[in-house]
Every structure is written in C-alpha cells, then in structure tokens.
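Numbering of residues begins at 1 and proceeds along the displayed sequence.
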Amino acid sequence: MEVDTVEKELKLRPMLCELNQLSMPDGSAMLMQGDTTVVAGVYGPVEPKAQKMIYDKASVEVVYSPVKGPTKIDDRMIELYVRESCEPAIIVMLHPGSAICINIQEIQNKGSLLACIINSACLALINSGISMKFTVAAITCMIEKESKNIILDPDNNQLQNATAVFTFTYDSIKKDIISCNTMGCFTDKEFLECLDKCRQASSCVFDFYREVVKRMKAASLLARAQLLGRLA
C-alpha cells in the first residue's frame, strides 16, 4: 500500500488546543477535535475527602458535566472511563493521602466525544505539571453498515450509519491498550482490525501533544525573557 494511501486512511479531524484557559485549576486545556469541544481542568495534589483518602497513594477523581441538563448514568460511565484511562499514567505513589481532581466540561458534541474528553484530560494533566509515567491518547472509530469500512474519528453524521463504535486508549511508550469502550455488533476480526488501525492513528495524537508541549515551553521561555528584560 502506498504511503499516501496509508496517511489518508489514518487521517483524523483537525485538532486545536489552548492551554491555561481557566484561571483556578493547576492545569487546564480546551481541546477541539473537529467541531467537538471540551474543556478540562486539573486540581492537585489537594486534600481529599476523608472517605476517599488512600494513605499510600493519591486518589484520582473525575467530574464530568454535560453541555446541558443534570448528569445521567451515561455521564457517570464517562467519568469511569476517564479515570481508568488517566490513573495508570499518573505516578500516584508520589502523593500519598492526596487527591488529583479532573473536571471536564462538554462544550459541543459533534462526534467522538469520549476520545476528545480523554485527550483533553491528558493535556490538562500535562499542563498541570503532575508527574506522569506516560501520556495517553484516545481514538474513536466506527464500522460503516453497508460498506463495512472502518472510519476514524467519525462525526455525528457518520455515526448515524455505524453498526459498531469503538474508543480505544493507548499509552505513549508501547502503544499498549489502556481502556476500551465498545457499542454495537461486531466480529472478533473487526474488533482486532479496529484495534490495530486506532493504534496506528494514536501516533497522530501523540505527535499533536508534542507540538502543544513545544509551544507551551516556548511561551514560558518568552515570558521569562520578557520578565528578565523588565527587571534589568
């Protein structure tokens, strides 16, 4: 298969990230994947509630708020997936008896929301400076009903024709799977094909993270240089 064809098959919707959008959290990120938009804020390490304290490591708490209305059972499942995806990446043993809180606000859902949420949480953790063993990247894909084609990062229009939808989360070191969410009917072969294709596509997200970190470091150096210039 030609390289151009491979790149086309692994193409995701455009991604845009703005860090430090919120003033109160220790780290925050607004992430757009296509038109799907999420804001994540990270607080911590902070003092946990007594009933949630773990004495030999930090507890990870996730609160997700939908764009409108009260939280539902499905929203609690999103919180569970975010925690299970992010907690393995955090070096929780460094902060015993504390809590790391991840707050997520949905702004707009135009498809592949869970992947956008997990990726925004990872970017907010990076921005907060919390020590991590690795970063995580989530990719959503679907199997089209008629053609059985695998479509990466589908929008809401494409999802209407899906027979199955998957969201996989991978680590940045070995690209091992961290978490998996599935909906619909599919065969073992289709599952493995989607798993492999999403694993390849996760490189695009990790590359995006690196660009965001480079931009963050450049902005920090510029601010420091300007401060030193004013003090001189």
Side-chain angles (χ1 to χ4, degrees), residues 4-19 21 29-40 62 64-69 71-82 85-86 104-124 135-170 177-187 190-209 211-212:
D4 290 344
T5 305
V6 173
E7 290 180 349
K8 184 177 180 180
E9 288 185 353
L10 297 179
K11 188 175 181 180
L12 306 177
R13 291 179 297 173
M15 300 178 70
L16 176 65
C17 176
E18 292 292 338
L19 300 176
Q21 287 290 301
M30 181 179 72
L31 178 64
M32 296 180 65
Q33 291 189 209
D35 292 326
T36 300
T37 308
V38 171
V39 177
V62 179
Y64 167 70
S65 300
V67 67
K68 58 182 178 180
T71 55
K72 304 179 289 295
I73 293 177
D74 289 346
D75 299 327
R76 297 305 181 198
M77 290 301 298
I78 288 176
E79 293 175 351
L80 177 62
Y81 276 109
V82 175
S85 299
C86 293
I104 298 164
Q105 175 64 59
E106 174 193 340
I107 304 299
Q108 183 170 251
N109 179 11
K110 295 296 183 178
S112 303
L113 177 64
L114 180 57
C116 186
I117 287 172
I118 293 171
N119 294 338
S120 69
C122 183
L123 284 163
T135 56
V136 297
I139 303 289
T140 295
C141 75
M142 59 168 272
I143 299 175
E144 203 169 29
K145 285 181 182 178
E146 294 80 13
S147 66
K148 298 299 181 181
N149 290 334
I150 297 173
I151 299 175
L152 291 169
D153 196 22
D155 58 29
N156 282 339
N157 290 332
Q158 293 169 318
L159 286 167
Q160 291 178 4
N161 297 316
T163 185
V165 181
F166 308 83
T167 299
F168 300 104
T169 306
Y170 305 92
I177 186 168
I178 302 295
S179 65
C180 171
N181 174 262
T182 65
M183 292 182 292
C185 300
F186 50 88
T187 65
E190 288 172 333
F191 176 85
L192 293 174
E193 288 176 349
C194 290
L195 177 66
D196 182 61
K197 193 164 186 176
C198 287
R199 178 180 282 113
Q200 295 177 57
S202 67
S203 297
C204 301
V205 179
F206 289 126
D207 289 342
F208 176 75
Y209 289 172
E211 290 301 317
V212 171

Kindly indicate whether the side chain of Thr71, heavy atoms from C-beta on, has any atom under 4.5 Å from the side chain of Arg76.
yes
For Ala124 and Ala40, the nearest pair of non-hydrogen atoms, with its separation, is CB-O, 3.7 Å
Partner of Thr140 under side chain to side chain contact (heavy atoms under 4.5 Å, CB included), picked from Ile118, Thr167, Leu113, is Thr167
Got Phe191 and Thr182 here, is their nearest side-chain heavy-atom distance under 4.5 Å? yes
Rounded to the nearest 0.5 angstrom, the CD-OH distance for Gln200 and Tyr170 is 9.5 Å
Value for CZ (Phe166) from CD (Glu193), rounded to nearest 0.5 Å, stands at 10.0 Å
| task | Using modelled atom types only, decide if a donor and an acceptor are shared between the side chain of Gln105 and the backbone of Pro66 within a distance under 3.5 Å. | result | yes
Rounded to the nearest 0.5 Å, the NZ atom of Lys145 sits from the CD atom of Gln160 at a distance of 9.5 Å
For Pro14, the side chain to side chain contact (heavy atoms under 4.5 Å, CB included) test, sequence neighbours excluded, returns none
For Met15 and Leu31 the tightest heavy-atom approach is CE-CD1, 4.1 Å
Of all heavy-atom pairs linking Tyr209 and Leu123, the shortest is CD2-CD2, 3.6 Å
Scanning both residues in full, the closest heavy-atom pair of Phe168 with Cys180 reads CE2-SG, 3.5 Å
With side-chain contact (heavy atoms from CB on, under 4.5 Å) as the test, would you mind laying out the steps for Ile139 and Leu12 before giving the verdict? CA-CA 9 Å; Ile139 303 289; Leu12 306 177; 3.9 Å; yes
Original post:
Is there a donor-acceptor pair under 3.5 Å between the side chain of Glu144 and the backbone N or O of Asn149?
Top reply: no
Note: Val136 and Ser85 closest approach over all heavy atoms is CG1-O, 3.5 Å
d(Met32 CE, Lys110 NZ) to nearest 0.5 Å is 11.0 Å
For Val62 and Glu79, the nearest pair of non-hydrogen atoms, with its separation, is O-CD, 3.5 Å
Distance col, row Cys116:SG vs Leu114:CG, nearest 0.5 angstrom, shows 10.0 Å
Please set out all donor-acceptor pairs under 3.5 angstrom arising from side-chain atoms of residues 150-159, sequence neighbours excluded.
{"unit_1": "Asp153", "atom_1": "OD1", "unit_2": "Arg13", "atom_2": "NE", "d": "3.4"}
{"unit_1": "Asp153", "atom_1": "OD1", "unit_2": "Arg13", "atom_2": "NH2", "d": "3.2"}
{"unit_1": "Asp153", "atom_1": "OD1", "unit_2": "Ser112", "atom_2": "OG", "d": "3.3"}
{"unit_1": "Asp153", "atom_1": "OD2", "unit_2": "Arg13", "atom_2": "N", "d": "2.9"}
{"unit_1": "Asp153", "atom_1": "OD2", "unit_2": "Arg13", "atom_2": "NE", "d": "3.1"}
{"unit_1": "Asp155", "atom_1": "OD1", "unit_2": "Asn157", "atom_2": "N", "d": "3.2"}
{"unit_1": "Asp155", "atom_1": "OD1", "unit_2": "Gln158", "atom_2": "N", "d": "2.9"}
{"unit_1": "Asn156", "atom_1": "OD1", "unit_2": "Gly111", "atom_2": "N", "d": "3.1"}
{"unit_1": "Asn156", "atom_1": "ND2", "unit_2": "Asn109", "atom_2": "O", "d": "3.1"}
{"unit_1": "Gln158", "atom_1": "OE1", "unit_2": "Asp155", "atom_2": "N", "d": "3.0"}

The reported gap from CG in Asp75 to CD1 in Ile117 (rounded to nearest 0.5 angstrom) is 8.5 Å
